[in-house]
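To start, I am sharing the structure in question, which I have written as structure tokens.
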Amino acid sequence: MSNPAGDTKTKTQSRTRTPPQYKVLLLNDDYTPMDFVVEVLMRFFRKSELEATRIMLQVHHEGVGVCGVYPFEIAETKVHQVMEAAAEEGHPLQCIMEPE
Ligand code: TYC
């Protein structure tokens with residue numbers, strides 16, 4: 001046994017375990033209305049109108065922007081919610097996730 005006394009912690013492990021985190025990203029396109037993107041950021045990512053507008057404009061100008069960082073299943077749910085809302089309205093908005 002590598003730790004016979006059982007009273008020390010392996011140095012390579014973090015003391016507080018946090019689940020792996022995933023960035024949820026919005027991608028720019030030429031057709032989705034700016035107002036719709038702002039609404040999505042407020043509704044699904046709980047952003048203020050000011051912050052939602054800032055993120056939307058960042059995506060518009062730079063091509064991609066971070067909506068938030070979450071554990072895997074929450075990130076996955078957010079991506080589905082955004083894609084479903086966009087599809088319902090006929091917008092080509094793309095939302096993806098990637099490891100932080
Ligand atoms: N580029 C879009 C427009 O000019 C606005 C937009 C912003 C679309 C962010 C998608 O993730 C996006 N209407």
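Keep in mind it's a predicted model, so treat the numbers as computed, not measured. One-based numbering along the sequence shown. Whatever order the structure lists them in is the order used to number ligands and atoms, beginning at 1.
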Heavy-atom closest contact (Tyr22 atom, Ala75 atom, distance): CB-CB, 3.9 Å
Contact summary for Leu26 and Val59, nearest pair of heavy atoms: O-CG1, 3.7 Å
Spacing of Phe44 atom CZ and Cys95 atom SG [to the nearest 0.5 Å]: 10.0 Å
Qualifying side chain to side chain donor-acceptor pair (under 3.5 Å) pairs, either residue in residues 28-47, two or more places apart: Asp29-Thr32
Under 4.0 Å from ligand 1, counting heavy atoms only: the protein residues, by chain and number: Leu26, Leu27, Asn28, Asp29, Thr32, Met34, Val37, Met56, Val59, His60, Leu93
Whether over 12 other heavy atoms sit under 6.0 Å from Glu49 CD: no
Lys/Arg-Asp/Glu bridge criterion (N-O < 4.0 Å) met for Lys23, Glu98: yes
